Number of protein chains: 4
Amino acid sequence: MPTHPGPVPAVPRRPHTGRRRNQAARQAVLAAAAGLLGRPGGEATSIEEIAQAAGVSKHTIYRWWPSKGAVLLEAMAEQARQEDDRPLTGSLRADLERFLTATFRAAARSAPLLRSAMGEAQRDPKAAEGMRQFTAARRAELRHLLTAGQSRGELPGNADLDLLVDQIYGLLWYRTLVGHASLTADTAAQLSRTVAGT
Amino acid sequence: MPTHPGPVPAVPRRPHTGRRRNQAARQAVLAAAAGLLGRPGGEATSIEEIAQAAGVSKHTIYRWWPSKGAVLLEAMAEQARQEDDRPLTGSLRADLERFLTATFRAAARSAPLLRSAMGEAQRDPKAAEGMRQFTAARRAELRHLLTAGQSRGELPGNADLDLLVDQIYGLLWYRTLVGHASLTADTAAQLSRTVAGT
Amino acid sequence: MPTHPGPVPAVPRRPHTGRRRNQAARQAVLAAAAGLLGRPGGEATSIEEIAQAAGVSKHTIYRWWPSKGAVLLEAMAEQARQEDDRPLTGSLRADLERFLTATFRAAARSAPLLRSAMGEAQRDPKAAEGMRQFTAARRAELRHLLTAGQSRGELPGNADLDLLVDQIYGLLWYRTLVGHASLTADTAAQLSRTVAGT
Amino acid sequence: MPTHPGPVPAVPRRPHTGRRRNQAARQAVLAAAAGLLGRPGGEATSIEEIAQAAGVSKHTIYRWWPSKGAVLLEAMAEQARQEDDRPLTGSLRADLERFLTATFRAAARSAPLLRSAMGEAQRDPKAAEGMRQFTAARRAELRHLLTAGQSRGELPGNADLDLLVDQIYGLLWYRTLVGHASLTADTAAQLSRTVAGT
DNA sequence: TGTTAAACGAGACGGTACGTCTAGTCTTGCG
DNA sequence: CGCAAGACTAGACGTACCGTCTCGTTTAACA
């Protein structure tokens with residue numbers, strides 16, 4: 001999730017002079033955002049609070065993130081970064097269940113952050129764009145997994161994978177945002193069974 | 001979507017004292033909300049703007065709705081009211097496709113309203129509760145349809161209908177909120193085929 | 001000292017509906033501004049502090065005054081309002097001394113306010129304009145007094161009254177702003193003697 | 001106008017090693033300050049802008065001047081340095097007119113600088129102290145001239161020279177700060193005539 | 001000729017104020 | 001009474017500037 005100057009300039013003209021960005025500040029902001037949103041009643045967390053909790057000036061936040069939504073989005077992405085580099089097993093259902101179990105657990109843990117970030121994306125076009133990028137990356141992972149299964153014949157050749165991916169992530173977001181039902185390991189297992197057959 | 005005094009009292013307690021609620025004002029507010037949110041850049045529409053566009057005092061809005069989210073929610077519900085009273089056909093796939101086609105079309109039309117209402121529900125607990133009720137009613141309709149199909153053997157007896165319903169509405173909301181793909185009649189047909197088999 | 005819409009609209013189109021301006025709030029703001037600036041170290045008094053001390057929302061201040069400078073200016077004008085409606089005596093020197101004694105005393109009392117208002121007028125064009133109006137009104141009073149004396153032959157017929165007025169008010173502001181000397185009753189007496197001869 | 005370490009330390013402990021102050025930078029800063037303030041709308045000129053315009057780091061400014069006000073003050077003093085070393089003529093009126101003509105011209109030229117410096121002096125105690133010193137030096141020059149005239153009998157023996165000096169410099173500052181009238185050669189002549197008699 | 005103290009450019013940082021905006025409440029007078 | 005107009009409180013938002021700080025480079029006197 002790059003911050004607002006966009007992708008890193010490949011070849012800076014000058015070798016870079018001046019004080020460098022304080023990575024501790026960046027981490028402190030993201031951690032504070034995640035922490036504050038987790039509190040009860042944390043739906044309404046202001047930039048000012050985040051700055052204070054992070055021991056950082058408000059200006060420092062605005063220097064590096066274009067809006068509140070961008071901070072939430074990056075905090076969410078930070079939390080979501082869950083390297084599962086174990087190789088695929090060769091069974092779609094097993095792979096899918098492993099993926100979904102981990103994903104659902106992470107989503108449940110960061111639910112307040114997800115909710116706030118998605119809420120912000122509905123009112124801040126910059127956050128909306130960030131959300132689009134974030135979700136695209138997630139869908140790509142899942143789609144990769146499904147494609148592998150399809151090529152092994154575990155899914156019908158005419159299955160619409162984009163539709164399937166959106167159903168699965170749709171379920172995740174729908175339950176997270178509406179809050180009428182939870183995302184458990186059971187849900188992950190049941191869903192994997194439905195999708196991948198026996 | 002009842003407004004805050006709860007469901008409209010069938011029989012007013014007082015036989016007739018004072019002036020009655022101006023229904024024209026109610027409609028004007030909901031129409032103004034829907035209209036303003038539809039504009040480009042309408043993500044940021046304030047109560048003040050809605051009041052002005054409706055030719056109504058801000059106070060009148062707050063007299064009848066507890067919060068901005070409640071207005072949006074009711075405006076959304078108003079737009080979503082699509083009486084399809086034709087009887088079910090007896091084919092799950094046909095029933096489902098008819099339902100989804102209509103639902104997707106309505107959702108696409110009111111997308112800005114849906115987005116704003118869901119966004120508001122992430123920050124306003126009252127709106128969240130309203131959203132929970134609204135979505136529950138929608139899920140019940142769809143579930144009714146699926147149950148009928150299941151009882152006719154068009155879905156496996158062990159299918160988890162709640163999960164299925166959430167996948168379908170999840171897809172709808174996910175695409176609406178993220179905006180990476182659209183909800184077309186094709187989507188409805190394809191999804192119906194996937195769910196209901198041949 | 002008119003507030004930002006400028007001169008009072010002569011004939012409002014509507015007889016005016018809606019809540020009327022809270023005069024208590026206006027007075028509270030001006031009093032708070034005067035009070036806070038009088039404190040030691042009051043040079044740096046923020047709008048936020050004034051609002052808090054006045055028990056008023058910051059927004060209310062900005063509704064009625066276009067900038068911080070305008071508030072200070074009006075507070076200053078309010079303090080400067082010193083009705084001396086006693087008739088002129090017929091002796092320039094006596095009239096002048098009475099005028100200057102009162103004026104110097106008032107200036108000394110409100111010195112912090114004068115200093116801040118003039119300081120603000122150096123950076124805020126709106127405040128500068130207000131300052132121009134305020135000082136013009138003051139100069140007119142003094143000039144009226146001098147004109148009367150001149151017509152009685154107590155000042156040479158070719159005396160440049162504008163220059164004289166600016167010397168007198170210049171003295172007042174110069175000492176107030178630089179703070180190297182004070183403005184006492186003695187100063188007033190001595191100055192009157194210099195200007196009006198014996 | 002000494003900069004913040006005050007008078008140069010008479011006996012440095014070490015003979016001084018390291019790079020010496022860049023005089024070009026000092027001049028560039030003062031010139032940039034004077035230049036930027038002269039622009040239309042230059043009332044609000046920041047240290048950052050001055051640094052940039054001077055091609056100098058902000059830090060370099062703060063190394064040599066304690067505050068923004070000090071920079072403006074020194075820039076003002078720099079502009080005000082107008083060596084008029086011609087001997088006095090022996091006529092108060094002639095001497096005064098020559099002095100005032102030059103002074104008024106200089107003031108008119110540097111008006112934006114004077115205004116900003118005085119404005120800053122109202123909020124920054126360090127700048128206020130600097131302003132006191134600067135004005136004291138100016139008053140001393142003028143007073144010297146008047147004293148000479150008085151000793152020649154061109155002013156009454158009981159004239160209060162301090163009051164007179166403050167009236168004259170008061171006029172200058174009052175017109176500069178309020179901007180309602182200008183300081184021309186005519187003004188200087190007229191004022192000299194008033195003060196020094198025929 | 002190297003060493004070393006200090007000045008310098010760039011620019012990040014904490015702090016603080018400004019002026020704007022929105023939500024939601026309250027007041028006044030009209031119909 | 002219901003309603004429109006609109007003033008009010010509370011407080012977040014994003015911008016701007018100040019004065020301090022760190023980083024790495026450059027300068028020039030000393031050794």
Side-chain angles (χ1 to χ4, degrees), chain A residues 14-22 24-25 44-49 51-52 54-68 124, chain B residues 14 16-22 25 44-49 51-52 54-69 120 123-124, chain C residues 14-22 24-25 44-49 51-52 55-68 124, chain D residues 14-22 25 44-49 51-52 54-69 124:
Chain A
R14 284 176 292 94
H16 183 83
T17 173
R19 189 170 176 177
R20 251 66 55 70
R21 178 173 188 183
N22 183 350
T45 296
S46 69
I47 283 274
E48 213 121 8
E49 274 178 301
Q52 191 138 22
V56 142
S57 155
K58 200 162 55 134
H59 192 33
T60 296
I61 297 186
Y62 282 108
R63 195 193 328 275
W64 296 110
W65 291 276
S67 70
K68 179 179 170 176
D124 172 4
Chain B
R14 281 178 290 92
H16 197 165
T17 179
R19 192 164 172 183
R20 253 76 46 71
R21 178 174 187 182
N22 182 346
T45 296
S46 67
I47 282 276
E48 210 123 9
E49 277 177 299
Q52 192 137 25
V56 143
S57 155
K58 205 159 55 131
H59 192 36
T60 297
I61 296 185
Y62 282 106
R63 198 196 319 277
W64 299 110
W65 290 275
S67 71
K68 177 181 172 176
E120 212 58 31
R123 56 176 52 207
D124 172 4
Chain C
R14 285 176 292 90
H16 182 82
T17 175
R19 189 173 178 176
R20 250 64 56 70
R21 178 174 188 182
N22 183 348
T45 296
S46 68
I47 283 277
E48 211 122 9
E49 278 178 298
Q52 191 139 24
V56 144
S57 157
K58 202 161 53 134
H59 193 35
T60 296
I61 296 185
Y62 281 106
R63 196 196 319 279
W64 298 110
W65 290 276
S67 70
K68 179 180 170 176
D124 171 5
Chain D
R14 283 175 293 92
H16 181 81
T17 176
R19 187 173 177 177
R20 249 69 52 71
R21 179 175 188 181
N22 181 350
T45 296
S46 68
I47 283 277
E48 213 123 8
E49 276 177 300
Q52 192 138 24
V56 143
S57 157
K58 204 159 56 131
H59 193 36
T60 297
I61 296 185
Y62 281 107
R63 198 194 320 277
W64 298 110
W65 290 275
S67 71
K68 178 181 171 174
D124 172 4

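Computed from a predicted model, the values in this text were never measured in an experiment. Chain naming here is simple, since letters A, B, ... match the order of the sequence lines and numbering starts at 1 in each.
Atom CH2 of C/W64 and atom P of F/dT9 are 12 Å apart (whole Å). Counting to the nearest Å, the C1' atom of E/dG11 and the CD atom of D/Q52 are 11 Å from each other. Following rounding to the nearest Å, C/I61 (CD1) and F/dC8 (P) show an atom-to-atom distance of 11 Å.
By the side-chain contact (heavy atoms from CB on, under 4.5 Å) test, C/A25 is found to be paired with C/N22, C/V56, residues two or more places apart in sequence or in another chain being considered. For D/T45, the side-chain contact (heavy atoms from CB on, under 4.5 Å) partners are D/L36, D/L37, D/R39, D/E49, D/I50, not counting sequence neighbours. Listed by chain and residue number, nothing satisfies the side chain to side chain donor-acceptor pair (under 3.5 Å) test with C/T60 (two or more places apart in sequence, or in another chain). When the side-chain contact (heavy atoms from CB on, under 4.5 Å) test is applied to B/E48, the partners found at least two apart in sequence or on another chain are B/S46, B/K58.
With a 6.0 Å cutoff to the six-membered ring centre and a 45° limit on the axis angle, C/R20 does not count as a cation-pi contact of C/W64.
Of all the heavy atoms in C/A51 and C/S57, the pair that sits closest is CB-C, 4.2 Å.
Nucleic acid contact class of C/G55 (heavy atoms, under 4.0 Å, all strands): sugar-phosphate only.
Sequence order on DNA chain E of the closest nucleotides to D/A25 and A/A54 puts D/A25 first from the 5' end.
Contact annotation: A/T60 side-chain N/O to E/dG14 OP1/OP2 distance is under 4.0 Å. For A/R63, no side-chain nitrogen or oxygen approaches OP1 or OP2 of E/dG11 to under 4.0 Å.
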> Can you give one letter per nucleotide of nucleotides 11-17 of chain F, 5' to 3': B if a protein heavy atom sits under 4.0 Å from the base, S if only from the sugar-phosphate, - if neither?
Replying inline: -SSBB-B
